[in-house]
Amino acid sequence: RGKYLLLDLSQDWSLVIHLRMTGKLLWKPAPEEPARHTHVVLDLADGSQLHFNDVRRFGRWQLVETPLLCQVPGLCALGPEPIDADFGPGVFARQLAGREKGKLKALLLDQTIVAGLGNIYVDEALFLAGLHPLRVAASLSEEELARLAGACRQALETGVRHRGTTLRDYLDGLEQKGDMQNFLLVFDREGEPCPRCGAEIRRIKVAGRSSYFCPVCQKLEC
């Protein structure tokens, strides 16, 4: 759910895991000695293991009674999932109600508005939708809202298809690097040509985060 991993256990208990910056949940087909920075090892019924490795130790685990999952702080406040079938401009408009003066980049990073989008995929979604990261929500037409909703879904589905983005140390559950970094359209491509128009991709700071965009394809309109 969003950036949380929910593991259903027996007797109505669940594990709630958030990997944060450097956490990795690695599947081992057979028991093995935990590597450095491994803080949790789960023995599974089939003889395999899950190892939780986290260099910076920002990751969080919670054991929760399953009926009380809706009360877990952070988890209970999550917005809708962009990959849900009913996610569209109407849902988006309701989520943005009361925040019309907010800038798109900051709003899309807010997990209470839309769940699961991080810095990379927000930039990719805004590019796909042709919207500047500094556009305010109130300036969007219904057609632009629909375009942005579709772009959020497309950005996440593309990321999943390419098994995530490895810019530094990200590994998937099988300890393999992701491949999405080879398919990014604008993120981390400052000074390179836009894949659509050839203009130079720029970087600015929005909500304290680096934001990459094409100044031609993503014009800042009032």
Side-chain angles (χ1 to χ4, degrees), residues 1-5 17-28 35-38 50-60 81-83 87 103-111 113-135 147-218:
R1 177 78 171 94
K3 298 182 180 182
Y4 291 84
L5 300 174
I17 304 173
H18 198 303
L19 300 177
R20 300 294 175 97
M21 294 179 67
T22 59
K24 304 177 186 70
L25 195 59
L26 306 173
W27 180 73
K28 309 290 185 176
R36 187 184 179 195
H37 305 301
T38 297
L50 285 177
H51 289 208
F52 178 64
N53 186 282
D54 189 1
V55 173
R56 301 188 68 176
R57 302 181 69 176
F58 289 158
R60 292 292 179 267
E81 303 273 350
I83 58 176
F87 186 80
K103 295 177 175 60
L104 290 181
K105 176 63 184 276
L107 292 172
L108 291 176
L109 286 173
D110 186 336
Q111 300 297 296
I113 294 177
V114 182
L117 288 169
N119 198 41
I120 293 173
Y121 297 104
V122 169
D123 282 0
E124 293 294 289
L126 287 171
F127 175 75
L128 289 168
L131 298 172
H132 195 285
L134 292 177
R135 282 280 298 273
R147 209 163 67 217
L148 183 56
C152 289
R153 181 195 306 274
Q154 182 180 345
L156 285 180
E157 288 180 342
T158 303
V160 170
R161 187 165 63 251
H162 293 292
R163 300 178 303 100
T165 306
T166 301
L167 295 177
R168 287 179 292 275
D169 55 7
Y170 168 75
L171 299 176
D172 67 15
L174 299 177
E175 299 189 68
Q176 302 296 313
K177 292 183 178 180
D179 198 35
M180 184 60 193
Q181 65 275 8
N182 298 314
F183 297 91
L184 294 173
L185 300 171
V186 290
F187 186 84
D188 202 33
R189 293 189 57 208
E190 181 182 13
E192 296 182 30
C194 168
R196 280 184 185 155
C197 72
E200 187 175 287
I201 293 171
R202 295 181 184 174
R203 179 176 67 91
I204 58 174
K205 286 275 190 177
V206 184
R209 308 296 299 274
S210 290
S211 303
Y212 300 86
F213 69 101
C214 171
V216 174
C217 297
Q218 299 168 262

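Both backbone and side-chain heavy atoms feed into the values below; hydrogens, waters and symmetry mates do not.
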Query raised in the report: Quick one: does L167's side chain get under 4.5 Å of F187's, heavy atoms only?
Result: yes
Query raised in the report: Does atom CZ of R163 have more than 12 heavy-atom neighbours from other groups under 6.0 Å away?
Result: yes
Query - Atom NZ of K177: over 12 foreign heavy atoms under 6.0 Å - result: no
Query raised in the report: Which residues satisfy the ring-ring contact (aromatic ring centres under 6.0 Å, His included) test with F183, sequence neighbours excluded?
Result: H162
Query raised in the report: How long is the span from the SG atom in C152 to the CD1 atom in I83, to the nearest 0.5 Å?
Result: 12.0 Å
Query raised in the report: NZ of K28: more than 12 outside heavy atoms within 6.0 angstrom?
Result: yes
Query raised in the report: If we only count heavy atoms from C-beta on, is the L109 to R209 side-chain gap below 4.5 Å?
Result: yes
Query raised in the report: Of the non-hydrogen atoms in S210 and R203, which two are nearest, and what is the gap between them?
Result: OG-NH1, 3.2 Å
Query raised in the report: Considering only heavy atoms from C-beta outward, does the side chain of H132 approach that of I204 to under 4.5 Å?
Result: yes
Report summary line: So CG of L185 and OH of Y212: to nearest 0.5 Å the spacing works out to 14.5 Å
Query raised in the report: Are L171 and N53 close enough that some pair of their side-chain heavy atoms sits under 4.5 Å apart?
Result: no
Query raised in the report: Just wondering, are more than 12 heavy atoms of other shown residues or ligands nearer than 6.0 Å to CZ in R57?
Result: no
**Report entry** Whether E124 side chain and V186 backbone form a donor-acceptor pair below 3.5 Å
**Finding:** yes
Query raised in the report: What are the two closest non-hydrogen atoms of F213 and P133, and how far apart are they?
Result: CB-CD, 3.9 Å
Report task. Indicate the atoms forming the closest heavy-atom contact of P195 with F127, along with that distance. Result -> CG-CZ, 3.9 Å
